[in-house]
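Take a look at the structure below.
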Amino acid sequence: MQLITSAKTLAIATVLVCLFGGAIPSSAKVYIDLEAPTVARLPIAIQDFKYTGAPPESAEDIKLVEEIRATLKKTLEEDLDFSGLFKVIDSEAFLEEGAEAGLGAKDTNFGEWRMIGADTLIKGGFKIEEKKLTVEVRFFDTIKEKRILGRRYIGNSRSPSRLSHYFADQLYKELTGKLGIFSTKLLFISNNSGNKEVYVSDYNGDNTRQITHNGSINLSPQWAPDGKKVLYTSYKMGCPCLYMLDLRSGRDYTISNKDGLNIGGRFSPSGDTITLTMSGKRSPEIYLLELDSKKYTRLTNNYSIDVSASWSPDGQHLAYVSDISGNPHIFMLNLETNRRKRLTYSGNYNSSPAWSPDGKMIAFARANSGNFDIWAINSDGIGGAKLTTRGNNKAPSWSPDSRFIVFSSTQKGASSLYIIRADGTGLRKITTGVSNETTPTWSPYLQ
Amino acid sequence: MNRILKLLPILFICVILSSCANTVKKEEIAATATGGGTPTVVVAEDPDVLLEEDIRAMRAMVEDEVSISAITQMPSSPTELNKKANEAGKLYMVHFDFDKYMIKDEYKGRLRENAKWLKNNSTTKVVIEGHADERGENEYNLALGDKRATSVKRYLKALGVKTSNLSTISYGEEKPLNEEHNDVAWAKNRRAEFHISN
């Protein structure tokens with residue numbers, strides 16, 4: 001197999017994927033059943049990655065090798081721990097030296113790994129040629145003394161974490177049968193530069209990058225379903241207007257700049273239509289805008305506020321916020337019948353509904369008085385659980401596998417991003433390297 | 001003279017009410033939305049036609065005496081205008097209750113003063129900015145700021161101010177006057193401001 005890659009395209013997504021030594025049969029054992037009520041964490045050891053390239057010559061090269069070695073392992077550890085499916089064993093306990101041992105099953109003393117409780121093991125090696133980083137990773141069942149998964153990836157040496165994320169995705173799929181979310185990204189707003197600008201980062205806050213630089217106020221970034229474009233509201237032309245940034249080409253398009261508000265834009269699941277809130281001479285109302293024909297269709301019509309519409313994954317419904325009943329509550333609109341249904345009755349303030357990608361749940365932020373909490377209700381409006389307990393929590397957004405929710409939480413005026421499991425467990429802070437992050441949105445699965 | 005001026009708004013209301021009866025259509029919202037009273041909403045076909053709320057607001061205003069002061073000298077530049085307006089306290093800011101956009105009684109006097117100034121400076125273009133406090137959600141607050149600015153514009157229109165030179169913009173919670181996080185700051189930040197733009 002020949003792999004031809006250029007350093008420029010590598011940054012985006014390279015990769016490949018060679019399965020060594022024959023395919024794993026599709027009837028491979030499912031190690032982890034995600035549908036099971038409680039999943040015991042699978043103990044895993046991740047050995048230090050072995051450097052297999054030409055010996056580094058300069059001090060700079062030595063430093064680079066060590067940095068990449070550390071990043072590959074740390075990223076994998078974080079991904080597997082984040083999944084909630086693995087218990088990563090502290091490498092202090094390891095009996096076998098990573099730098100010395102070979103990568104094959106024959107080179108591995110499985111007994112030593114079993115002795116420290118590692119039912120599973122990851123070994124890896126890497127080499128750097130110019131800017132090309134090649135990583136080999138292998139996953140073993142130490143009880144069966146057998147390799148379950150082996151992959152080789154080629155990427156840019158500037159972003160080693162990307163390759164670890166890819167392997168984590170592959171491993172997750174191998175073990176659960178479902179796609180992993182480790183290569184997904186977050187969009188969010190930060191005022192780190194002095195103004196509110198749009199940023200993108202890996203799902204865990206790594207590799208943060210500012211993607212708008214207009215020095216104005218930028219709000220509500222949203223992913224296109226293909227993960228290649230970003231819809232956002234900006235005051236850069238003086239109005240609260242809607243724009244679309246193409247992440248590949250860097251080109252920016254004006255989507256809606258009518259009088260009054262042009263806010264809260266969200267792509268339909270098919271990507272050909274957006275919903276947004278506009279006011280003009282009316283009260284803020286929810287509209288559809290067909291991107292090709294530029295045709296607007298008004299969906300609400302009243303003296304109240306209607307805002308923050310979120311698509312159901314089948315594109316048939318919108319969940320949105322209206323104060324028509326006196327306070328902000330969540331309503332659902334059936335786009336075929338035009339019938340409305342009120343979903344929330346509790347709380348003084350319900351906002352920012354977000355439909356889970358599997359269609360089952362709607363997450364939103366609710367306050368009774370004072371602080372907001374993240375809630376999730378069934379999308380038929382029945383049930384409802386409060387997921388957060390502390391802080392002022394807003395703007396929930398689901399991971400593409402519907403297992404996690406990212407949101408912003410404010411304490412003493414400073415906002416940060418947090419991720420929680422859909423059942424309210426596993427709260428963790430996301431460190432992006434920039435300050436005062438708000439309104440995160442989780443990407444779809446990215447190619 | 002004074003009596004005629006007092007009668008004028010009443011005549012105005014009568015005209016509006018009779019014209020609205022013809023152009024405004026009633027629409028039942030097919031909402032299963034309950035809990036907030038009957039969701040009957042009057043919808044204006046023509047966006048310039050006043051809504052039921054405007055008419056109610058104007059009925060209330062008939063009880064208020066509207067007096068028009070003598071036309072004052074127009075300063076030349078916008079900055080000078082802004083300065084003079086602020087010095088003279090002619091374009092007052094108004095504040096709102098949390099999550100509300102109706103004009104509070106205590107600010108109606110201020111808006112009458114603003115109306116006087118705007119009538120006397122009828123070629124001046126003025127932007128009404130609507131703002132919200134930081135509580136609540138970002139997009140909802142943009143809508144709230146929009147409603148506040150629009151409420152003020154409608155109130156001024158009801159007072160007889162020509163709205164062709166009045167525009168509105170919402171900044172939601174994005175431009176607080178007071179960046180602290182307490183009741184005093186929030187009360188100050190829930191506001192509509194006037195800015196001269198020409």
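A note on names: the letters A, B, ... follow the listed sequences, proteins ahead of strands, and every chain is numbered from 1.
- Using a 4.5 Å cut-off on side-chain heavy atoms (C-beta onward), L219(A) and E174(B) make contact.
- Judged by distance alone, with hydrogens and angles left aside, the side-chain atoms of K394(A) form a donor-acceptor pair with the main-chain N or O of G136(B) at under 3.5 Å.
- Taking the ring axis of Y303(A) as reference, the NZ or CZ atom of K147(B) stays within 45° of it and closer than 6.0 Å to the ring centre.
- Contact check for T277(A) versus L142(B): no side-chain heavy atoms found under the 4.5 Å cut-off.
- Counting heavy-atom neighbours within 6.0 Å of D380(A) CG, excluding the residue itself, gives a total above 12.
- The most heavy-atom pairs under 4.5 Å with chain B, out of G264(A), P328(A), A395(A), P240(A), come from P328(A).
- One finds the CD1 atom of I305(A) at 4.5 Å from the CG atom of L144(B) (value rounded to the nearest 0.5 Å).
- Open room surrounds CD on E336(A); 12 or fewer heavy atoms of other groups in view lie less than 6.0 Å from it.
- Contact annotation for I217(A): only side-chain heavy atoms (C-beta onward) come within less than 4.5 Å of a heavy atom of chain B.
- Contact annotation for S170(B): both backbone and side-chain heavy atoms come within less than 4.5 Å of a heavy atom of chain A.
- Using a 4.5 Å cut-off between heavy atoms, I169(B) touches chain A through its side chain atoms alone.
- Side chain of Y140(B) to backbone of S322(A): no donor-acceptor contact under 3.5 angstrom is found.
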Please report the C-alpha distance between D323(A) and Y101(B) in whole Å, then the side-chain angles of each, then the deciding distance to 0.1 Å, and finally whether the side-chain hydrogen bond (donor to acceptor under 3.5 Å, both in side chains) criterion is met. CA-CA 12 Å; D323(A) 73 336; Y101(B) 34 83; 2.8 Å; yes
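- In this structure, F372(A) CZ and E137(B) CD are separated by 8.0 Å, a value rounded to the nearest 0.5 Å.
- Each of S351(A), S352(A), S308(A) was compared with E139(B) under the side chain to side chain donor-acceptor pair (under 3.5 Å) criterion, and only S308(A) meets it.
- Within the 4.5 angstrom heavy-atom criterion, no atom of K153(B) approaches chain A.
- Rounded to the nearest 0.5 Å, atoms CG (D146(B)) and CD1 (I263(A)) are 8.0 Å apart.
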